[in-house]
Amino acid sequence: MTSKQVSIAVIGATGYTGVELVRLLQEHPQVKITHLTSESFAGKKFSECFPAFSGRVDTTLSPLDVDKMAKDLDLAFLCVPHQEAAKTVKLFLDKKVKVIDLSADFRLNDVKTYEAWYGPHPHPELLEKAIYGMPELQLSNLKNAELIANPGCYPTACLLAIAPLAHHKLIHLDSLIFDAKSGVSGAGRKLALGSHFCEVNENFKAYGIGKHRHTPEINQGIKKLTGQLPSITFTPHLVPMTRGILATVYAQLKSSSTHQDLLKIYQDYYQKASFVRLRPEGNFPETREVRNSNFCDIGFHLDTQNQRLTVVSAIDNLIKGASGQAIQNMNLMFGLEETCGLLQTSPIP
Ligand SMILES: NC(=O)c1ccc[n+]([C@@H]2O[C@H](COP(=O)([O-])OP(=O)(O)OC[C@H]3O[C@@H](n4cnc5c(N)ncnc54)[C@H](OP(=O)(O)O)[C@@H]3O)[C@@H](O)[C@H]2O)c1
C-alpha cells in the first residue's frame with residue numbers, strides 16, 4: 001500500500017466497538033472515514049449522538065445501503081451482532097469491498113461447531129474465505145485477505161496468555177483453566193437487565209459457566225497452535241468496571257522448568273509483537289495499565305515444586321479485544337505499518 005488513504009465504513013457506529021473504532025480511526029493518518037451507519041440514529045450527526053466528537057467527527061449517520069456505500073469504499077468494519085453480521089459480510093464481499101467482522105460469525109472454521117453454539121449460519125460458504133485475525137499467533141498471512149474474523153475479547157486475553165507454551169507443546173492440554181473477568185462494556189451498549197447499574201455495581205459474579213460462546217474459539221486457537229483439541233475450563237466473570245479484561249490462566253507443565261527458561265520462550269515468541277508486553281518475575285498486569293491501549297500485558301508465576309503455572313494477562317476489551325485489534329488487522333491487510341494509528345493511545349493509569 002502506498003500513501004493512498006484507505007476509505008472505510010463503520011457499520012454499527014453507535015455501539016461500543018463502533019464508537020471506539022471511530023475514536024481511533026479519526027486519528028489514523030492513512031484512513032478516511034467515509035461512511036458511518038446506524039439504523040436507530042440515522043440522519044443525526046455522529047457528534048450529535050456523541051458530543052465528545054463535536055468538531056472532530058461530524059459525519060451524518062446513514063442507514064445501511066451497501067450498493068451506495070460500496071462505490072467509494074475499500075473496507076467495511078462490521079460492529080453489529082452475530083448473524084446480522086454474516087448477512088452484511090456477504091453483501092459487501094459481493095461488491096468487492098473487504099470486510100473486518102468484529103462479530104463471532106467467521107471466527108470458527110467449522111460450521112457444525114458454529115451452529116452448535118450460535119445457531120444456523122447465514123453464509124457457511126464464506127467461512128473458508130475468513131482469516132482469523134490475531135497477528136501475534138502468526139498463524140496466517142493477513143495481507144490481501146478479503147475477510148478477517150476479528151477475535152473475541154476473552155479469546156484474545158486467554159490465547160495470548162498461553163500461546164508461547166502451547167506452540168512449544170510445553171503444557172498438558174487437559175490441565176488448562178481460564179478464569180477471566182470482564183468490564184461491563186463487554187456486553188455491548190444495547191439495553192439488558194444484567195448490565196443495569198444496580199445489577200452490576202458493588203457486585204461480582206461468574207456467568208455462562210460451562211456454556212460461554214467463547215469456549216470453542218479458545219479451543220480452536222489452542223488446537224491451531226498445538227495440533228490437538230484441548231480440554232479446557234473457561235469461566236468468565238462480570239466486574240463492576242467499564243472496560244478491561246483480566247485473565248488468570250492455570251496450566252501444568254509437562255516437564256520441570258525455571259522462570260527464566262519460560263520467560264525466554266515468551267520473549268522469543270513475542271519478539272516481533274509490538275502490542276505484547278511481558279512483565280518481569282513477580283510482577284503482574286492490572287487492567288488500568290492497559291486501559292485505552294492496544295497492549296496485552298502478561299506476567300506469570302511458576303510454582304517450581306509442582307510445575308504449575310499461573311499466567312495473568314490484561315487487555316482493554318474494546319481495544320485489543322475488539323477495535324484496536326481490528327485496526328491492527330486493517331494495517332496488515334492493506335500493507336501498512338502494523339502499529340499505525342495505534343500507538344498514540346497511551347494507557348490511562
Ligand atoms: N463489546 C465488546 O467488548 C466486544 C468485543 C469483541 C467483539 N464484540 C462484538 O462486536 C459486535 C458489536 O459489539 P458492541 O459491543 O459494539 O455492540 P453494541 O454496543 O450493542 O452495538 C451494536 C451496534 O449494532 C447496531 N445493531 C444492533 N442490532 C442490530 C441489528 N439487528 N441489525 C443491525 N445493526 C444492529 C446498533 O446500532 P443502531 O441501532 O444504531 O444501528 C449498534 O450500533 C458484536 O458482534 C460483539 O459480539 C464486542
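All ligand and atom numbering here is 1-based and tracks the order in the structure. When reading the values below, keep in mind they use all heavy atoms of this one structure, side chains included, and skip hydrogens, waters and symmetry mates. On a predicted model such as this, the values are computed, not experimentally measured, just so you know.
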Using a 4.0 Å heavy-atom cut-off, which part of L64 comes near ligand 1: side chain, backbone, both, or neither? neither
Distance-only donor-acceptor check, side chains N331 and H28, under 3.5 Å: yes
Heavy atom to atom 48 (C) of ligand 1, shortest distance: which of I315, T17, T156, L102 holds it? T17
Q307-Q252 side chain donor-acceptor pair, cut-off 3.5 Å: no
Closer than 4.0 Å to some heavy atom of T14 - which atoms of ligand 1 meet that? 37 (O), 38 (P), 40 (O), 42 (C), 43 (O)
Measure from atom 5 (C) of ligand 1 to every heavy atom in S195, A322, P81 and give the option owning the shortest one. A322
For R107, which part has a heavy atom under 4.0 Å from ligand 1: side chain, backbone, both, or neither? side chain
Could a heavy atom of G152 be found less than 4.0 Å from some atom of ligand 1? no
If we number the atoms of ligand 1 from 1 as shown, the ones under 4.0 Å from a heavy atom of G186 are 1 (N), 2 (C), 3 (O)
Atom 23 (C) of ligand 1: which protein heavy atom is closest, and how many Å away? C79 O, 3.3 Å
Is the distance between the ring centroids of F284 and H301 under 6.0 Å? no
With a 3.5 Å cut-off and no angle check, do the side chains of Y154 and E217 form a donor-acceptor pair? no
Report yes or no: is the cationic atom of K98 (NZ for Lys, CZ for Arg) closer than 6.0 Å to the six-membered ring centre of F334, at no more than 45° off its axis? yes
Show me which atoms of ligand 1 lie under 4.0 Å from any heavy atom of G321. 5 (C), 6 (C)
With heavy atoms and a 4.0 Å threshold, my read on which part of E84 contacts ligand 1 is side chain
Ligand 1 N/O within reach of G15 N/O, cut-off under 3.5 Å: yes
Hey, is ligand 1 close enough to G12 that some N/O pair sits below 3.5 Å? yes
C153-ligand 1 polar pair, N/O distance under 3.5 Å: no
Please verify whether a non-hydrogen atom of A85 lies at under 4.0 Å from ligand 1. no
Say whether R23 and N292, considering side chains only, have a donor N or O and an acceptor N or O under 3.5 Å apart. yes
Please confirm whether Q83 comes under 4.0 Å of ligand 1, counting heavy atoms of the residue only. no
Is the closest protein non-hydrogen atom to atom 18 (P) of ligand 1 under 4.0 Å? yes
State whether a side-chain donor-acceptor pair under 3.5 Å links S54 with S47. no
Sub-6.0 Å ring centroid separation between F106 and H121: yes
